[in-house]
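Order of appearance sets the numbers: ligands from 1, and atoms from 1 within every ligand.
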Amino acid sequence: MSYRLRIQRLAHAADLPLPRYETAGAAGMDLVAANPADAPIVLQPMQRVLVPTGLVFQLEPGFEAQVRPRSGLAFKHGVTVLNAPGTVDADYRGEVQVLLVNLGAESFTVTRGMRIAQVIVAPVLQVEPVEVQQVDDTPRAAGGFGSTGLG
Ligand SMILES: O=c1ccn([C@H]2C[C@H](O)[C@@H](COP(=O)(O)OP(=O)(O)OP(=O)(O)O)O2)c(=O)[nH]1
């Protein structure tokens, strides 16, 4: 099944590629940085920054887009998406931005066109919250946070 994602490229991203799947089975499409070519973003260790993508999504109702880290950037440089997975709502019509943080020990430079994150489109279920006096019990009950052991 193929779904369409309508994407508007803003003027400052006109020369940048649309997101695309790099392999037939890829779950995510890479997002590239749309900061000006003459304004690279230098991220010092522990600094965070919102990186523009120059893209506006028109998601179908019932879907979201998740902004997730690229594992290569995280592994090689300690650079990740601070709010991962970032949530792009179906009714959001602003520019998609990527909140990067540098958890590495070295500074990291974001240049225009660099693949900085990936986006996954996923269905969402909106539920109807219904208050009850007491929720049904289960064998687990309130066990969590390692209640079954940590080994
Ligand atoms: O990584 C992200 C996360 C969010 N957004 C945009 C799309 C999303 O629909 C909107 C709001 O995001 P969220 O609901 O996470 O933000 P909030 O802090 O709850 O702010 P708001 O009060 O605007 O909902 O910001 C992005 O561009 N990138």
Sidechain-backbone polar pair: Arg9 side chain, Leu16 backbone, donor-acceptor under 3.5 Å: yes
Sub-4.0 Å protein heavy atom next to atom 23 (O) of ligand 1: no
Residue and atom name of the nearest protein heavy atom (relative to atom 25 (O) of ligand 1), distance in Å to one decimal: Tyr92 CE1, 3.9 Å
Numbered atoms of ligand 1 (with element) below 4.0 Å of Thr87, judged on heavy atoms: 3 (C), 4 (C), 5 (N), 7 (C), 8 (C), 9 (O), 12 (O)
Leu99 and ligand 1 - part of the residue with a heavy-atom distance under 4.0 Å: neither
Derivation of the side-chain hydrogen bond (donor to acceptor under 3.5 Å, both in side chains) call for Gln97 and Glu95: CA-CA 6 Å; Gln97 302 194 71; Glu95 180 175 6; 5.6 Å; no
Thr111 side, atom OG1; Asp38 side, atom CG - distance, nearest 0.5 Å: 12.5 Å
Test item: protein heavy atom less than 4.0 Å from atom 19 (O) of ligand 1: no
Sub-4.0 Å protein heavy atom near atom 14 (O) of ligand 1: yes
Sub-4.0 Å atoms of ligand 1 with respect to non-hydrogen atoms of Val96: 27 (O)
Under 3.5 Å: donor-acceptor pair, side chain of Thr53, backbone of Val96: yes
Arg6: salt bridge (Lys or Arg N to Asp or Glu O under 4.0 Å) partners, not counting sequence neighbours: Glu60
side-chain contact (heavy atoms from CB on, under 4.5 Å) evaluation trace for Leu100 with Leu43: CA-CA 9 Å; Leu100 285 183; Leu43 257 184; 4.1 Å; yes
Contacts of Arg20 that satisfy salt bridge (Lys or Arg N to Asp or Glu O under 4.0 Å) - sequence neighbours left out: Glu22
Ligand 1 versus Asp89: contacting region, heavy-atom distance under 4.0 Å: both
Closest protein heavy atom (residue, atom, distance) for atom 27 (O) of ligand 1: Gln97 N, 3.0 Å
Subset of ligand 1 atoms that lie under 4.0 Å from at least one heavy atom of Val88: 7 (C), 8 (C), 9 (O)
Atom 1 (O) of ligand 1 within contact range, any protein heavy atom under 4.0 Å: yes
Spatial distance of atom CG (Leu55) from atom CG (Leu5) [nearest 0.5 Å]: 9.5 Å
